[in-house]
Amino acid sequence: MLNRNFTANGPYQLWVADITYVPTWAGFIYLAVVLDAWNCRIIGWLMSTSLETTVALDALNMPAEQRKPAGAILRSDNGCRN
């Protein structure tokens with residue numbers, strides 16, 4: 001659909017999401033973020049000590065509820081857990 005073209009002509013057209021982990025003294029914290037590709041700003045995020053589906057969904061719901069985009073495309077890699 002994007003043909004590796006991750007540029008947008010305006011806000012709220014293309015969102016890019018990812019989940020990563022951050023090592024801390026107390027253990028790992030998982031961070032889910034959603035970026036607007038138009039200005040590369042974080043528009044949704046969530047940190048958690050567990051990696052459950054709701055972490056990614058809550059990070060996505062944050063901008064979806066605030067901005068109510070019509071026709072936005074969300075791009076995320078398939079990722080893997082080792």
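As the structure is a computational prediction, the values presented were derived from the model and not from experiment.
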Q: If hydrophobic clusters are built from ILVMFWY residues whose side chains come within less than 4.5 Å, do L31 and L35 share one?
A: yes
Q: Nearest 0.5 Å, what's the CG-CH2 distance between L14 and W38?
A: 13.0 Å
Q: When you look at CD1 of I29, are more than 12 heavy atoms from neighbouring residues, nucleotides or ligands closer to it than 6.0 Å?
A: yes
Q: Atom OH in Y30, atom OH in Y21: separation rounded to 0.5 Å?
A: 8.5 Å
Q: What donor-acceptor contacts under 3.5 angstrom involve side-chain atoms of residues 50-62, with partners at least two apart or in another chain?
A:
from: S50; atom 1: OG; to: S48; atom 2: OG; distance (Å): 3.4
from: N61; atom 1: ND2; to: L57; atom 2: O; distance (Å): 3.2

Q: Is there a path of hydrophobic side-chain contacts, each under 4.5 Å between heavy atoms, that joins M47 and V33?
A: yes
Q: Could you measure the distance from the CZ atom of F28 to the OG1 atom of T20? Nearest 0.5 Å is fine.
A: 10.0 Å
Q: Does I43 form a side chain to side chain contact (heavy atoms under 4.5 Å, CB included) with W15? I'd like the steps, not just the answer.
A: CA-CA 9 Å; I43 56 175; W15 294 354; 3.4 Å; yes
